[in-house]
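Written below as structure tokens is the structure these notes are about.
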Amino acid sequence: MTDINIYLALIMAVMLEFNPFDYVILIVLITLVLFAEMVNTVIEFILDSIYKHKYSQIAKIAKDMSAGAVLFVTIMTVISGLVLFGYKFL
């Protein structure tokens, strides 16, 4: 999630007059994606420092799994965001 997307989501929430509970959900979703990205980056840095940028099947699997976790969190956040914003348009 880029900075512009975060600002856009928050601006849309203000324009759609979200209630406090909706704001909490939105902030938790944004935080969850940012946290997943940070954990993924840490895993990649640790594995790169251990394996010194050499190919390792174990490192590849670990990096793929952490990237998959980020993808899963992002997809679930998009679905939750669609529900969160979608009912305001109905």
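Numbers for residues simply follow the sequence, beginning at 1.
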### Query
Would one find more than 12 heavy atoms of other residues, nucleotides or ligands at under 6.0 Å from atom CZ of F21?
no
### Summary
For I43 and A62 the tightest heavy-atom approach is CG2-O, 4.4 Å
### Query
Roughly how far, to the nearest 0.5 Å, is NZ of K60 from CG of L47?
12.5 Å
#### Entry: Rounded distance [0.5 Å steps], CD1 in I25 versus CG in N19
8.0 Å
### Summary
Here the gap from L26 atom CG to F85 atom CZ, rounded to the nearest 0.5 Å, amounts to 5.0 Å
### Query
Given a cutoff of under 4.5 Å between side-chain heavy atoms of I, L, V, M, F, W and Y, with clusters grown through shared members, what are the other residues clustered with I61?
M65
### Reported CD1-to-CE distance for the pair I79 and M76, which is rounded to 0.5 angstrom
5.0 Å
### Message
Would you say that more than 12 heavy atoms from the other residues, nucleotides or ligands in this model lie under 6.0 Å from the CG of L82, or not?
### Response
yes
#### Entry: Pairwise distance CE(M12) to CG(N5) - rounded to 0.5 angstrom
11.0 Å
### Message
Within the supplied structure, the quantity of interest is the number of heavy atoms (other residues, nucleotides, ligands) at a distance under 6.0 Å from Y23 OH; does it exceed 12?
### Response
yes
### Task
Please round to the nearest 0.5 Å and tell me the distance separating atom OH of Y51 and atom CD1 of I46.
12.0 Å
### Task
Quick one: closest heavy-atom pair of A67 and N40, and the distance?
N-OD1, 3.6 Å
### Message
Quick check on the hydrophobic clustering: are I6 and F18 connected, directly or via other members, by side-chain heavy-atom contacts under 4.5 Å?
### Response
yes
### Task
Return the set of residues passing side chain to side chain contact (heavy atoms under 4.5 Å, CB included) with E17 (not counting sequence neighbours), or none when no residue passes.
none
#### Entry: Pairs satisfying salt bridge (charged side-chain N to carboxylate O under 4.0 Å, His left out), at least one member in residues 43-57, at least two apart
D48-K63
### Task
Say whether L84 and V14 are linked into one hydrophobic cluster, either directly or through other cluster members, by side-chain heavy-atom distances under 4.5 angstrom.
yes
### T31 versus I27, closest heavy-atom pair with distance
OG1-O, 2.7 Å
